[in-house]
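The block underneath contains the structure these notes are about, expressed in structure tokens.
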Amino acid sequence: MDFAATLQGSWQLLLNGLGTTVIVSLIGIATGIVIGFISCLMGMSRIWPLRALSKVYVWVVRGTPMIVQAFIVYFGVPQLVQLFIPGFTISALTAGSITLSINAGAYLSEIFRSGINAVDPGQVEASRSLGMSHVRTMRRIILPQAVRITIPSLVNQFIITVKDSSILSVIGLPDLVNRAKVYVGGTYQFFSTYVLVALFYLAFISVLMVVSRHIERRLNRDQSSH
């Protein structure tokens, strides 16, 4: 359990894994924001098939483990597609990004919905009384305030997505946990290696938490000044 020797022998491997973790998490949260926003608008639509589709999507994703979702995307979807396109495969990075995006999108859909619902209904009524259309009211009045409200929750969801990305090591994604497994497989330094992995995650997520607190304080100052 020589931490110095383990760090010396594994730091480059773990750093490469951390890079993959950051990349797949950024892709997941960025795409998840788009998916979540579309799902939110569908869920608040007056067209019931769109509302139903959004509710089913959120229900299925939030009600199933992400590891199962990863297996379906990485193993199940290619098997299905191969019925029409023989030899079709998907990389672990692509499958991991899709899984994180779909998963984050379901939670972000609810975050956006809560943010929109938190806007004072009186402002909506006032804008409509001035002759503004529903779309214009949403774009000019509701969404800017909703985005402001949801920013801290978006940062928190990013933190959750980073931690959840560790699950993707089960499909062979060369992330931080996967690279640790490779190192442990050759050295059997279980304790020191996984403690270092925990420290890598802790350092990165601590930075995100500081950013989150800074954003919240900034938003609170802006709100109090108005």
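Just so it is clear, the values below take in all heavy atoms, side chains as well, and ignore hydrogens, waters and symmetry mates. Please read these numbers as outputs of a predicted model, since none were measured by experiment.
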Measuring from [X]:[atom1] to [Y]:[atom2], what's the distance to the nearest 0.5 Å?
X	Y	atom1	atom2	value
Arg179	Asn16	CZ	CG	8.5 Å
Asn117	Phe112	CG	CZ	13.5 Å
Leu176	Lys181	CG	NZ	11.5 Å
Thr31	Ile27	OG1	CD1	7.0 Å
Ile205	Ser212	CD1	OG	12.5 Å
Asn178	Leu173	CG	CG	7.0 Å

Would you sort out whether Thr94 and Ser91 count as a side-chain hydrogen bond (donor to acceptor under 3.5 Å, both in side chains), showing the intermediate values? CA-CA 5 Å; Thr94 301; Ser91 69; 2.8 Å; yes

State, to 0.1 Å, how close [X] and [Y] come at their nearest heavy-atom pair, and which atoms those are.
X	Y	value
Ala95	Tyr74	CB-CD1, 3.6 Å
Val24	Leu100	O-CD1, 3.5 Å
Ile171	Gly96	CD1-N, 4.1 Å
Met66	Asp164	CE-O, 2.9 Å
Gly28	Ala104	O-CB, 4.2 Å
Arg113	Cys40	N-SG, 3.5 Å

Applying the 4.5 Å side-chain criterion to the ILVMFWY set and letting contacts propagate, would [X] and [Y] be lumped into a single cluster?
X	Y	result
Tyr188	Val177	yes
Ile167	Leu93	yes
Val68	Val58	yes
Leu7	Leu13	no
Trp59	Leu50	no

Test of understanding: with ring pair (Phe, Tyr, Trp, His ring centres under 6.0 Å), list the residues that count as partners of Phe88, not counting sequence neighbours.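 Counting only residues at least two positions away or on another chain, Phe88 forms no ring pair (Phe, Tyr, Trp, His ring centres under 6.0 Å).
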
Can you tell me if Ser54 uses its side chain to pair, donor with acceptor, with the backbone of Arg51 under 3.5 Å? no

Donor-acceptor pair, side chain of Thr21 and main chain of Gly17, under 3.5 angstrom: yes

Decide side chain to side chain contact (heavy atoms under 4.5 Å, CB included) for Ile116 and Leu143; before the verdict, give the C-alpha distance in whole Å, the side-chain angles of both, and the deciding distance to 0.1 Å. CA-CA 7 Å; Ile116 291 174; Leu143 290 182; 4.2 Å; yes

Step by step, work out the side chain to side chain contact (heavy atoms under 4.5 Å, CB included) result for Tyr183 and Thr6. CA-CA 9 Å; Tyr183 182 77; Thr6 301; 3.8 Å; yes

So [Y] and [X], do their side chains get closer than 4.5 Å, heavy atoms only?
X	Y	answer
Val77	Ile90	no
Thr161	Tyr107	no
Thr89	Pro78	no

Should Leu108 and Ile35 be marked as a side chain to side chain contact (heavy atoms under 4.5 Å, CB included) after you check the CA-CA gap, both sets of side-chain angles, and the distance that decides it? CA-CA 8 Å; Leu108 288 169; Ile35 295 173; over 6 Å; no

Could you give me the CA-CA distance, side-chain angles and deciding distance for Tyr57 and Ile102, then say whether side chain to side chain contact (heavy atoms under 4.5 Å, CB included) is met? CA-CA 9 Å; Tyr57 161 63; Ile102 293 173; 3.8 Å; yes

